[in-house]
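Report on the structure given below.
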Protein chains: 2
Amino acid sequence: MTISTLGHALLGLLAADELTGYELTQHFDRSLAHVWSASHSQIYPELAKLQAAGLIRHTESGPRGSKRYSATDEGRAEVRRWLAQPPQPETIRSERLLRVFFLWMLAPDDAHAYLRAEAARHREQLANYDAIAAHIPADADAATCWSRISLEAGIRHERAMAEWADWAAESVPSGNVRA
Amino acid sequence: MTISTLGHALLGLLAADELTGYELTQHFDRSLAHVWSASHSQIYPELAKLQAAGLIRHTESGPRGSKRYSATDEGRAEVRRWLAQPPQPETIRSERLLRVFFLWMLAPDDAHAYLRAEAARHREQLANYDAIAAHIPADADAATCWSRISLEAGIRHERAMAEWADWAAESVPSGNVRA
DNA sequence: ACTGACATGTAACTTGTTACATGATTCG
DNA sequence: CGAATCATGTAACAAGTTACATGTCAGT
């Protein structure tokens, strides 16, 4: 049985807490949003696989048919094994940056507007991340401390990209310049 | 016919130059490496689709059965249409950052080593990008200027992530500290 | 002759998305 | 009692990866 990255993400979350599929789904929309994304339609079948592989265990059943899972010892060992492996180089796929590559096909004003909008989008995301970071207490547990560290990567990324978009917009002539 | 992002990438490249499938493949390994990735097994079928949709045209046949394509007027119009649309928020998936999220499961020394290695990987990528940037002439054509602008995003991203990894490593206690 | 780069394609599989489908519980 | 949220699942499809398969041409 080979485990996908999604599988490892679920396993990692279940190593810290007992969670339902629904709660796991929410983690991908919230705490893990800057790191990994997954929808419930991918999560439920993956949970079934992990359970079949003995890496997670169904602990309790709650209201509305909800099922709570926790990682088994083998599951925790699997996460550690995964973490100890050197990661492969990631394949980069950014549609937003790809568009920039082809912006020479647009009128300078339109290209300029694209970059300004890009800067705004990055600043918006940065504000979201900053707001999340502001709510993390200073005396948090280990798992939360590490979520803060990974969130910092998102913050610095958005900040760098916002500054890049500003720089890029300045380097493009525009008829809309007012300064 | 809906066109995938890969289709738009191919169309964009073929809007500037007449290229073969093989040359397109190389672009994803080189000029587009920091932006989008695709392998030949995905490219050849996609070229067939674009041709069937009348967005590209097979122009000349070369040695070793190579086929050269160029974008049609409809193809160029399609790229511009795509560029004018507001991009959707991108789904983020970084296995390397996901690991950081779960680093609390490792001994502090191992977590520290992971972050140091991360910093080194980002610095290595940064050096690659810097080397590429250094070879772009100052008097380049429009398409090259925009490739330089998108490359700058890669450079700033790697720089920000290298600095983040340093910061993160410092914030983790390690038995290997010599300073 | 051999090696490596050039060159194109297909098949099987994995991963991820979108849409469909259903039902329980809570709050106003 | 109606809407929102909670809660789980499946099916059809799209996108991407890995492996298979084949053949050409240039340089040594």
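All chains are named by letter (A, B, ...) in the order of the sequence lines, taking the proteins before the strands, and each is independently numbered beginning at 1.
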*How would you list, by chain and number, every residue that makes a side-chain contact (heavy atoms from CB on, under 4.5 Å) with B:S171, sequence neighbours excluded?*
A:I149
*Which residues satisfy the side-chain contact (heavy atoms from CB on, under 4.5 Å) test with B:S4, sequence neighbours excluded?*
B:L6, B:E46
*Starting at CG of A:L50, measure out to OG1 of A:T72 and round the result to the nearest 0.5 Å.*
9.5 Å
*Listed in order of residue number, which residues of residues 40-58 of chain B have a non-hydrogen atom at under 4.0 Å from DNA chain C?*
B:H40, B:S41, B:Y44
*Go through the steps for B:E78 and B:H8 under the test side chain to side chain contact (heavy atoms under 4.5 Å, CB included), then give the verdict.*
CA-CA 8 Å; B:E78 172 55 33; B:H8 285 119; 2.7 Å; yes
*Determine, stepwise, if the pair B:L98 / A:L32 fulfils side chain to side chain contact (heavy atoms under 4.5 Å, CB included).*
CA-CA 8 Å; B:L98 181 66; A:L32 279 173; 3.8 Å; yes
*Excluding sequence neighbours, so at least two apart, what forms side-chain contact (heavy atoms from CB on, under 4.5 Å) with B:D17?*
B:L19
*Could you give the distance from CZ (A:R57) to CD (A:E18), rounded to the nearest 0.5 Å?*
8.0 Å
*Counterpart residues, ring pair (Phe, Tyr, Trp, His ring centres under 6.0 Å), relative to A:Y69 (two or more places apart)*: A:H58
*asked:* Considering every strand and a 4.0 Å limit on heavy-atom distances, what is the contact class for B:S39: base, sugar-phosphate, or nothing?
replied: base
_Contact list for DNA chain D against residues 74-96 of chain A - heavy-atom distance below 4.0 Å_ = A:T91, A:R93
*For A:Y69 and D:dG9, give me the distance from atom OH to atom C1', rounded to whole Å.*
11 Å
Could you pull out every donor-acceptor pair under 3.5 Å between side chains of residues 84-91 of chain A and any protein atom, sequence neighbours left out?
| unit_1 | atom_1 | unit_2 | atom_2 | d |
| --- | --- | --- | --- | --- |
| A:E90 | OE1 | B:S94 | OG | 3.4 |
| A:E90 | OE2 | B:S94 | OG | 3.2 |
| A:E90 | OE2 | B:E95 | N | 2.7 |
| A:E90 | OE2 | B:R96 | N | 2.7 |

*Heavy-atom side-chain proximity of B:F28 to B:V35 below 4.5 angstrom*: no
*When you measure from every atom of DNA chain C, which of residues 5-17 of chain A have a heavy atom less than 4.0 Å away?*
none
*What about B:L83 and A:L97, same hydrophobic cluster or not, with Ile/Leu/Val/Met/Phe/Trp/Tyr joined at side-chain heavy-atom distances under 4.5 Å?*
yes
*Of all residues at least two apart in sequence or in a different chain, which pass the salt bridge (charged side-chain N to carboxylate O under 4.0 Å, His left out) check with A:D166?*
A:R116, A:R123
Give me, pair by pair, the N or O atoms of the protein and of nucleotides 24-28 of chain D that are less than 3.5 Å apart, along with how far apart they are.
none

Give every donor-acceptor pair under 3.5 Å between a side-chain atom in residues 125-136 of chain B and any protein atom, sequence neighbours left out.
| unit_1 | atom_1 | unit_2 | atom_2 | d |
| --- | --- | --- | --- | --- |
| B:Q125 | OE1 | B:N128 | ND2 | 3.4 |
| B:H135 | ND1 | B:A131 | O | 2.8 |

*Please confirm whether A:R121 makes a cation-pi placement over A:Y114, using NZ or CZ under 6.0 Å from the six-membered ring centre and within 45° of the ring normal.*
yes
*Could you check which residues of residues 18-30 of chain A get a heavy atom under 4.0 Å from DNA chain D? Sort them by number, please.*
A:T20, A:G21, A:Y22
_Heavy-atom pair of closest approach, residues B:A140 and B:C145_ = O-SG, 3.7 Å
